[in-house]
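Single-structure report; data block below.
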There are 2 protein chains.
Amino acid sequence: MKGVPSLNTLAYGLLSLLTYKTYSGYELTQHIQPFWPAKHSQIYPLLASLEQAGYVSHKLVVQHDKPDKKMYAITESGSLKLGEWLAMSAAEPATRDELAFKAYCLHKFAKSPDARRLFEQRAELSRNKLQFLKAKKAEVQARDGRSGDLPTSDSPHFGAYILIDKGLRVFEAELEWCEWVLSQLPE
Amino acid sequence: MKGVPSLNTLAYGLLSLLTYKTYSGYELTQHIQPFWPAKHSQIYPLLASLEQAGYVSHKLVVQHDKPDKKMYAITESGSLKLGEWLAMSAAEPATRDELAFKAYCLHKFAKSPDARRLFEQRAELSRNKLQFLKAKKAEVQARDGRSGDLPTSDSPHFGAYILIDKGLRVFEAELEWCEWVLSQLPE
DNA sequence: CTTTTCATGTAACAAGTTACATGATTAA
DNA sequence: TTAATCATGTAACTTGTTACATGAAAAG
């Protein structure tokens, strides 16, 4: 006897996105990146298996200028499954960052211009992320009506909003760290 | 014709740790966690293959109260290989966090006490990490002699120090974020 | 007495990446 | 004309996790 098929985190992530609106596999692949990096080769088969399990369903949308696409929606059964998962404790986040290893070895090459370059590149990355998130924030605020004001916890955009806020806080901290390290490194 | 064996990030990570001192596979598994989560079942075979490639070597240390262990050291060849890698640009960090998905779905269960619990647990996790890092910081400062003063970029502990500093900044930001979210959520 | 720590390994499985495969439209 | 975007999929491979396997010492 085997119970209900158990889903992995990526699968729950797809269901999470689909609580907002319908998406194609292509769109899901793009939108899930900031939360959970994954390639289309992982998403497409997973969507197929979620559909087989009855947690999502799709409608084919015929397009003329672009290839046809499959628009996926979460089902009642998928919503229930997601609801159970939402109530459970979240696992510890896992971050894997090459730069941490390279930073740890700074005593081996701190005088090299390569060392400075690593932190300049990371600072640039943080600045780009911050710029992206600031644009997103404005977008969500506009969509929520009262511009300048923050969405409240009952707003449908509250989830999106707090995640943008988290990104802003964390990337700001990372940028400041990079700039501090650069100030400590010899020119 | 096949060139030099190419290493993955975890392998370079092990070499990075070994630039400080010798470690057993067991110790490497523990110390690498904050940088790059990995299980011993991944570390042990990787160490064996690094040794076969000549990048590390080990000496068996016989113990009486505990099981014998293999103490690994980086070789000259391993140092060269690591040096090449250090000079290369670091890939974008990858973070995978379940809580992001659950936060994104807050409109589905913001009123539930489960929602509050998720952020309370994450806040607690951040507090624990901060406490750990503060202890580490004091430890490194003590080891570096001038207590209260920060190690300079030529200190052998500079790498360890800046990583602790990064953790402090980022987990501080995450903790503040959790507390802010909790202030927005209904009791 | 039961669990944790120390210590090393392998086998089976799940998750994630890269490469292969196709093909029209549009922008540079 | 070359590259990028849109759109879906599979095959082969690498990476990472869980489970199996052993066993002594120490702490609760």
Side-chain angles (χ1 to χ4, degrees), chain A residues 2 5-15 17 22-53 56-72 91-98 101, chain B residues 2 5-14 22-53 56-72 91-98 101:
Chain A
K2 62 172 176 182
S6 74
L7 304 181
N8 62 24
T9 308
L10 181 57
Y12 285 113
L14 294 172
L15 294 182
L17 295 195
T22 63
Y23 285 102
S24 67
Y26 186 85
E27 290 166 336
L28 283 168
T29 304
Q30 295 180 311
H31 286 96
I32 210 166
Q33 296 308 316
F35 303 114
W36 196 278
K39 314 285 176 184
H40 74 268
S41 54
Q42 205 180 359
I43 308 276
Y44 288 128
L46 189 52
L47 280 170
S49 80
L50 282 172
E51 184 155 45
Q52 250 198 317
V56 301
S57 64
H58 84 267
K59 274 178 189 159
L60 189 75
V61 174
V62 179
Q63 298 183 117
H64 308 286
D65 48 337
K66 300 178 209 169
D68 299 347
K69 59 182 175 179
K70 296 181 177 176
M71 291 302 283
Y72 284 90
E92 266 198 55
T95 302
R96 290 192 167 91
D97 187 358
E98 281 189 22
F101 290 138
Chain B
K2 63 171 175 183
S6 74
L7 304 180
N8 62 23
T9 308
L10 180 58
Y12 285 114
L14 294 173
T22 62
Y23 285 101
S24 66
Y26 186 85
E27 290 166 337
L28 282 168
T29 303
Q30 294 181 311
H31 285 97
I32 210 166
Q33 296 308 317
F35 303 114
W36 197 278
K39 313 285 175 182
H40 73 268
S41 53
Q42 205 180 358
I43 307 277
Y44 288 128
L46 188 52
L47 280 170
S49 78
L50 282 171
E51 184 155 45
Q52 251 198 317
V56 301
S57 64
H58 83 268
K59 274 178 188 160
L60 189 76
V61 174
V62 179
Q63 298 183 117
H64 308 287
D65 47 337
K66 299 178 211 170
D68 300 348
K69 59 181 173 180
K70 296 180 177 177
M71 292 302 282
Y72 285 90
E92 266 197 54
T95 303
R96 290 192 167 91
D97 187 358
E98 281 189 21
F101 290 137

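Keep in mind that this is a model prediction, so the values were computed, not measured. Chain A is the first sequence line, chain B the second, and so forth, proteins listed ahead of strands; every chain is numbered from 1. Heavy-atom basis, side chains included; hydrogens, waters and symmetry copies ignored.
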Worksheet item: What residues form a salt bridge (Lys or Arg N to Asp or Glu O under 4.0 Å) with B:Glu51, not counting sequence neighbours?
Response: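 Applying salt bridge (Lys or Arg N to Asp or Glu O under 4.0 Å) to B:Glu51 gives none.
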Discussion item. Judged by each residue's nearest nucleotide on DNA chain C, which is more toward the 5′ side, A:Thr9 or B:Pro67?
Written reply: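 This one resolves to B:Pro67.
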Worksheet entry | Of B:Lys69 and B:Pro45, the one whose closest DNA chain C nucleotide lies more 5' |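 This one resolves to B:Lys69.
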Worksheet entry | Angle of first-five versus last-five pair axes in the helix from C:dC1-D:dG28 to C:dA28-D:dT1, to 10 degrees | 50°
Practice prompt. Verify, without hydrogens or angle tests, whether A:Gln52 (side chain) and A:Ala48 (backbone) share a donor-acceptor contact under 3.5 angstrom.
Written response: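 Not confirmed, A:Gln52 side chain does not pair with A:Ala48 backbone.
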Practice prompt. Keeping the roles fixed (side chain from A:Glu98, backbone from B:Pro93), state whether a donor-acceptor pair exists under 3.5 Å.
Written response: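 Here the side-chain-to-backbone pair does not exist.
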Please enumerate all residues that pass ring pair (Phe, Tyr, Trp, His ring centres under 6.0 Å) together with [X], with sequence neighbours excluded.
| X | result |
| --- | --- |
| B:Phe35 | A:Phe101, A:Tyr104 |
| B:Tyr72 | B:His58 |
| B:Tyr23 | B:His31 |

Worksheet entry | Separation of C:dA15 P from B:Glu98 CD (nearest whole Å) |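 Rounded to the whole Å, the gap is 12 Å.
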Worksheet item: Base, sugar-phosphate, or nothing: which does B:Glu27 touch, judged by heavy atoms less than 4.0 Å apart?
Response: nothing
Worksheet, complete the sentence: Counted 5' to 3', the first and last nucleotides of DNA chain D within 4.0 Å (strictly under) of a heavy-atom of chain B are D:dT15 to D:dA25
Worksheet, complete the sentence: In short, B:Ile43 meets B:Gly25 closest at the heavy-atom pair CG2-O, 4.1 Å
Item to complete: Would you name the heavy atoms of A:Ile32 and A:Gly13 that are closest together and state the gap between them?
Response: CD1-C, 4.1 Å
Discussion item. Taking side chain to side chain contact (heavy atoms under 4.5 Å, CB included) as the definition, give me every residue that meets it alongside B:Pro67, ordered by chain and number, with sequence neighbours left out.
Written reply: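 Here no residue qualifies.
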Item to complete: Tell me, please, which residues at least two apart from B:Thr22 pass side chain to side chain contact (heavy atoms under 4.5 Å, CB included).
Response: B:Met71, B:Ala73
Discussion item. Whether B:Arg96 contacts C:dG16 is assessed here as follows: a side-chain N or O lying under 4.0 Å from the phosphate OP1 or OP2. Is that the case?
Written reply: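 Looking at the OP1 and OP2 atoms of C:dG16, one of them is under 4.0 Å from a side-chain N or O of B:Arg96.
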Discussion item. Contact list please: residues 35-44 of chain A against DNA chain D, heavy atoms, distance less than 4.0 Å, in numerical order.
Written reply: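 Per residue number, the list reads A:His40, A:Ser41, A:Tyr44.
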Discussion item. Test of understanding: with side-chain hydrogen bond (donor to acceptor under 3.5 Å, both in side chains), list the residues that count as partners of A:Ser49, not counting sequence neighbours.
Written reply: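 Counting only residues at least two positions away or on another chain, A:Ser49 forms no side-chain hydrogen bond (donor to acceptor under 3.5 Å, both in side chains).
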Worksheet entry | Option from B:Leu10, B:Leu28, B:Val56 for which side chain to side chain contact (heavy atoms under 4.5 Å, CB included) with B:Leu46 holds |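 Output: one option passes, namely B:Leu10.
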Could you list, one pair per line, each protein nitrogen or oxygen that sits under 3.5 Å from a nitrogen or oxygen of nucleotides 25-27 of chain C, together with the distance?
none

Practice prompt. Give every residue pair that meets the salt bridge (charged side-chain N to carboxylate O under 4.0 Å, His left out) criterion with at least one member in residues 36-48 of chain B, sequence neighbours excluded.
Written response: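 Qualifying pairs, neighbours excluded: none.
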